[in-house]
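For clarity, every value in this text was computed on a predicted model and none was experimentally measured. Letters go in sequence order (proteins before strands), and every chain restarts at 1.
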Amino acid sequence: MTDLTSLTLAEARDQLKSRAISSVEITTAHLEAIERAKALNAYIVTTADRALRMAGASDARLAKGEGGPLEGLPIGVKDLYATKGVHTQACSHILDGFKPTYESTVTANLWRDGAVMLGKLNMDEFAMGSSNETSYYGPVASPWLPPNWSHDQARAALANGKRGLLTPGGSSGGSSAAVAARLCLAATASDTGGSIRQPAAFTGVVGIKPTYGRCSRWGMVAFASSLDQAGPLARTVRDAAIMLRSMAGPDSKDSTCSPAAVPDYEGALGRSVRGLTIGVPKEYRLDGMNAEIETLWARGAEWLRTAGAKVVDVSLPNTRHALPAYYIVAPAEASSNLARYDGVRYGLREPAADILDLYEKTRGRGFGPEVRRRLLIGAYVLSAGYYDAYYVRAQKIRTLIKRDFERVFSEGVDAILTPATPSAAFGIGEKGSQDPVEMYLNDVFTVTVNMAGLPGLVAPAGLSSEGLPLGLQLIGRPFDEETLFTLGEALERSAGRTSLPARWWA
Amino acid sequence: MSVDLSAVRRIAHLARIGVSEAEIPNLQDEINAILKFVEALEQVDVEGVEPMTSVIPMRLPMRDDVVTDGGITDEVLANAPLTEDGFFLVPKVIE
């Protein structure tokens, strides 16, 4: 019998439609796979009963020849999305016990289109992290083995605090690990500085952060509201296109959500890339850059040239300011957004003598070290006397970063090709324990895209010499996700589908 | 710019995050590492540049000025740690 968890989302959709398989069958196969993969820690909650109920309802609709674009397809949901009556904590202790009485717009759109919810996925606390290590529920092990490790060695490490195993990236580390380990057909994720694209690169899957405003942020736990966007992680470019079409769309509950209709992204696949102009920005060539990443990048450009695109050098001079400016803007917005966790209305509450004591004790115990660090930075840069020097200046620099992209696009460039990450996946416990900035550097290639509100897609582009996945990023014009899907599929075709690791954990 | 120990205490209080005295020096190092990282921004020429307010140009949508929500006290209070008679309960605020 075929392994139902190894199908792509598109294959599963077609087999469900032709009734070669049932939703209950494929949902059950995934629930069993999740059970066997518990030690990876990708899921923090499994909603098996609900999944089987949804699958049964999907089968009934499919039997009548009805059903939406995602009918019967089991997916995972990042713990950042409000799911009615189901654990929603953005993997923070401060939201202890929180079960929303409402559903996020993005997940509501997925259920409207027939998708089946398998459970909630692990993530860095409040999406602040690049390795899933800041989660209150502990780190996630990547299904990819460290170089030269045996299956036995990896299983032993899994039982021993995951020491030496690789991170699946972050903040959407549960999502990327689950997609790569075939614990769902696809997953929702979110991206404030690279949290969809870096995990995609680390686990050999596809991720897209769409244009700011393409997906509604209503019901997503807020981190930095001017940067946050929803997006999918999936095993192929086609699967990501199918997911995004359902996730995106207008929403009167989010005033920053675009009213524009959502195109059929799948229709962009297979379009010719002939005549498209691809920019390669020289400022992304960092001093001391990993030679393998540089080679990968050049190879990606060559693939697109061979497919008929024109590749040109471009300049984005303010690139190097993006990451420092992000570490002012994002913490500032976070300190404002996370002010709502007060021990009064929901979540954790520490016993206290007076109201100030209640706030300080609850927030002191409820937030983990990375979140606390960023909230302190945010409070500092917004405080009297520092606001202009830090926050206003950073927002001016953001304007400069956006202008760089606007100029390049106005010169006729259709998309920009860059590396996704400075390296392949690193080990759990390997980075950021001495200096938080070491971890922040992971987002050096992705954060510019959030600062400018643009869409960015990461597709697997091959393996490193050590056998680990590496990704390339395509950056597009606002609301031109279609071109990214066209080009992403061209890269995918040239690179060949990444063969995902065998199930050593099961 | 960098912060001293008393500034760390002040910021933690502003953020309403209780931190122990023992944690303050470590937090100072971490905050100063981040402030050092963003220091280079001081050199950028931003003369005459407008600060960004909206990353994607968009008209703010308007709707009719009518009540569209409310009357869901139970749902609002459903996740509260302590409630009484349809209200959130907090420690005594006024003596």
Notebook entry, point to check: Can you tell me how far CD1 of Ile377(A) sits from CD1 of Ile11(B), rounded to the nearest 0.5 angstrom?
Noted result: 7.5 Å
Check: CG/Leu14(B) to CG/Leu375(A) distance, rounded to the nearest 0.5 angstrom?
Finding: 12.5 Å
By side chain to side chain contact (heavy atoms under 4.5 Å, CB included), which residues pair with [X], not counting sequence neighbours?
X: Val67(B); result: none
X: Pro250(A); result: none
X: Ala325(A); result: Ala394(A), Ile397(A), Met451(A), Leu41(B)

Please state whether the side chain, the backbone, both or neither of [X] comes within less than 4.5 Å of a heavy atom of chain A.
X: Ile34(B); result: both
X: Val3(B); result: side chain
X: Ala78(B); result: side chain

Item checked: Partner chain B: residue of Val437(A), Leu454(A), Val381(A) with the largest heavy-atom pair count (under 4.5 Å) -> Val437(A)
Less than 4.5 Å to any heavy atom of chain B: does that hold for the side chain of [X], its backbone, both, or neither?
X: Val392(A); result: both
X: Leu358(A); result: side chain
X: Leu441(A); result: side chain
X: Leu227(A); result: neither

Scan the chain A/chain B interface and emit each donor-acceptor pair under 3.5 angstrom with its distance.
unit_1    : atom_1 : unit_2   : atom_2 : d
Lys99(A)  : N      : Asn79(B) : OD1    : 3.0
Lys99(A)  : O      : Asn79(B) : ND2    : 2.8
Arg345(A) : O      : Ala80(B) : N      : 3.4
Arg349(A) : NH1    : Leu89(B) : O      : 3.1
Arg349(A) : NH2    : Leu89(B) : O      : 2.8
Glu360(A) : O      : Gly18(B) : N      : 2.9
Glu360(A) : OE2    : His13(B) : ND1    : 2.9
Arg363(A) : NE     : Ala15(B) : O      : 3.0
Arg363(A) : NE     : Arg16(B) : O      : 3.1
Arg363(A) : NH2    : Ala15(B) : O      : 3.0
Arg372(A) : NH1    : Glu23(B) : OE2    : 2.9
Arg372(A) : NH2    : Glu23(B) : OE2    : 3.1
Arg373(A) : NH1    : Glu30(B) : OE1    : 2.9
Arg373(A) : NH1    : Glu30(B) : OE2    : 3.0
Arg393(A) : NH1    : Leu41(B) : O      : 2.8
Arg393(A) : NH1    : Glu42(B) : O      : 3.4
Arg393(A) : NH1    : Val44(B) : O      : 2.9
Gln395(A) : O      : Met52(B) : N      : 2.9
Thr399(A) : OG1    : Glu50(B) : O      : 2.6
Thr399(A) : OG1    : Met52(B) : N      : 3.2
Lys402(A) : NZ     : Val55(B) : O      : 3.0

Between [X] and [Y], which heavy-atom pair has the shortest distance, and what is it?
X: Pro81(B); Y: Gly347(A); answer: CG-O, 3.4 Å
X: Val38(B); Y: Pro324(A); answer: CG1-O, 3.4 Å
X: Ala353(A); Y: Pro91(B); answer: O-CB, 3.8 Å

